[in-house]
Amino acid sequence: MADLLIWLVAALGAVGGVVLGRVWGRVEGERAGKREAERDAIEDKNNRVERGRDAIRDGRSAGDPAERLRRNDGHW
């Protein structure tokens, strides 16, 4: 009877360990995914800010106003 109880406790411990490992892995995966998404969003925001700064730099005082008007005329 004691042997059966020991085997039962060992089996429950093994199943519990597997379940705990799966849950733990899933939580860690979600955390890693969230961190990666946040990092990608920050990188995208930084790229957009840089493109905006470049556009402003190229748009303002980028030469003769008449020449800028001629360049911009085709975009309308």
Side-chain angles (χ1 to χ4, degrees):
M1 184 70 173
D3 288 339
L4 182 63
L5 188 60
I6 290 172
W7 279 102
L8 184 62
V9 169
L12 287 175
V15 170
V18 169
V19 169
L20 182 63
R22 297 262 313 179
V23 170
W24 188 280
R26 184 178 186 129
V27 168
E28 285 298 316
E30 288 177 0
R31 284 183 190 160
K34 187 181 289 187
R35 281 192 302 260
E36 184 178 353
E38 289 173 351
R39 190 190 71 228
D40 288 346
I42 289 171
E43 185 177 324
D44 182 51
K45 179 189 67 105
N46 289 340
N47 289 339
R48 287 185 285 128
V49 167
E50 278 301 313
R51 285 196 318 257
R53 287 179 181 160
D54 290 344
I56 289 173
R57 185 188 64 235
D58 293 342
R60 294 183 183 160
S61 68
D64 182 32
E67 182 59 34
R68 283 189 295 161
L69 180 61
R70 281 189 215 100
R71 277 196 325 253
N72 194 31
D73 191 34
H75 297 291
W76 292 89

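Since the model is a prediction, treat every value here as computed from it, not as a measurement. Values below: all heavy atoms of this structure, side chains included; hydrogens, waters and symmetry mates excluded.
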With a cut-off of 3.5 Å and sequence neighbours excluded, list every side-chain donor-acceptor pair involving residues 47-56.
from : atom 1 : to  : atom 2 : distance (Å)
N47  : ND2    : E43 : O      : 3.4
R48  : NE     : D44 : OD2    : 3.3
E50  : OE2    : R53 : NH1    : 3.4
D54  : OD1    : R57 : NH1    : 3.0
D54  : OD1    : R57 : NH2    : 3.4

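Remark: E38 pairs with K34 by the side chain to side chain contact (heavy atoms under 4.5 Å, CB included) rule, at least two apart or across chains. Scanning for side chain to side chain contact (heavy atoms under 4.5 Å, CB included) contacts around A66 gives D64, R70, with sequence neighbours left out.
Within the hydrophobic cluster formed by Ile, Leu, Val, Met, Phe, Trp and Tyr side chains joined at under 4.5 Å, directly or through other members, L12 is accompanied by L8.
Within the structure, side-chain hydrogen bond (donor to acceptor under 3.5 Å, both in side chains) pairs that include any residue of residues 4-28 comprise E28-R31 (at least two apart or interchain).
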